[in-house]
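Throughout, residue positions are numbered sequentially from 1 according to the sequence presented. In each ligand, atom 1 is the first atom listed, and ligand 1 is the first ligand listed. Values in this document were obtained by computation on a predicted structure and should not be read as measured data.
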Amino acid sequence: MRLVIMGPPGAGKGTQAVVVAQSLGVPHISTGDIFRANVSQGTPLGEEAQRYMDAGEYVPDSITNAMVRDRLSRDDCDPGFLLDGYPRTLEQVNELDAMLRSDGRAIDKVIELTVDTEAVVQRLLNRAQEQGRSDDTAEVIRRRLEVYFEQTAPLTSVYRERGLILEVDGMGDVPVVTERILSALSG
Ligand code: B4P
């Protein structure tokens with residue numbers, strides 16, 4: 001299974017991707033997590049990414065695509081993978097297609113988590129209190145949502161035209177949403 005999970009910031013992508021990937025036995029690949037790991041290790045990639053993340057902007061496609069290409073070439077992705085937070089731009093969609101096509105692979109399904117915008121802002125503000133993530137301030141959250149609706153939301157129509165979208169209601173308790181995703185995948 002080669003899967004993508006999409007949805008606005010705070011939709012529960014990362015939260016759900018961990019459990020769903022484990023249940024399917026495939027690696028969970030979160031571009032946000034990889035960037036944050038690089039930030040905390042102080043690598044050159046982390047220094048570059050942090051400027052964008054702290055402003056609520058996307059890290060440039062050239063950097064993100066190279067990082068994903070490297071990750072998907074590892075052996076653990078042979079049985080499949082769950083991509084979380086990638087692709088987020090049309091260029092990333094095209095690049096992902098090209099990466100997979102060169103090995104005769106393709107995306108099988110795209111899980112789209114739908115949520116209420118007010119609720120996700122509140123989730124992220126709660127996370128700010130619990131984890132202190134530097135991009136969870138009210139101002140940066142607003143910018144992240146704008147960037148999402150401008151650049152990423154339109155991508156769902158690309159995948160919808162290919163018949164790959166599984167729309168899942170992301171409101172409700174975490175285990176309830178997980179159950180919805182797993183049943184959509186097996187349906
Ligand atoms: P991400 O790490 O992907 O951050 P995110 O969109 O906020 O989602 P995340 O997965 O962390 O949160 P979730 O919804 O699970 O990206 C961060 C930044 O990295 C981007 O802004 C960008 O700068 C950069 N980046 C990443 N990928 C990129 C790309 N491809 N191209 C360019 N730049 C890229 O959860 C949010 C909160 O809600 C959590 O606290 C969780 O506990 C809570 N929650 C989840 N489900 C819930 C539920 N059902 N009920 C109540 N609370 C819930």
Ligand 1 contact on T15 by region, counting heavy-atom pairs under 4.0 Å: both
Going by distance only, is there an N or O of R127 that falls short of 3.5 Å from an N or O of ligand 1? yes
List ligand 1 atoms under 4.0 Å from T31, heavy atoms only on the residue side. 26 (C), 27 (N), 28 (C), 30 (N)
Y52 to ligand 1: N or O pair under 3.5 Å? no
R123 side chain vs G10 backbone, donor-acceptor pair below 3.5 Å: yes
Looking only at N/O atoms, are P8 and ligand 1 under 3.5 Å apart anywhere? no
With a 4.5 Å heavy-atom cut-off, do D136 and R144 have their side chains touching? yes
Any Q131 heavy atom less than 4.0 Å to ligand 1: no
Can you confirm, on distance only, whether ligand 1 has an N/O atom lying under 3.5 Å from any N/O atom belonging to G56? no
Could you find the nearest protein heavy atom to atom 23 (O) of ligand 1 and give me its residue, atom name and distance? E57 O, 2.7 Å
Do Y58 and T152 meet the criterion of a side-chain donor-acceptor pair at a distance under 3.5 Å? yes
Is it true that, when you exclude E146 itself, more than 12 heavy atoms of the residues, nucleotides or ligands shown sit nearer than 6.0 Å to its CD? yes
Please say whether R144 places an N or O atom under 3.5 Å from an N or O atom belonging to ligand 1. yes
Just by distance, do the side chain of R71 and the backbone of I29 share a donor-acceptor pair under 3.5 Å? no
Contact check: G14 vs ligand 1, nitrogen or oxygen atoms, below 3.5 angstrom: yes
Under 3.5 Å between any N/O of P87 and any N/O of ligand 1: does that happen in this structure? no
Quick one: does E95's side chain have a donor or acceptor within less than 3.5 Å of a partner on E91's backbone? no
D173-ligand 1 polar pair, N/O distance under 3.5 Å: no
Member of T114, V110, I165 meeting the side chain to side chain contact (heavy atoms under 4.5 Å, CB included) criterion with T156: I165
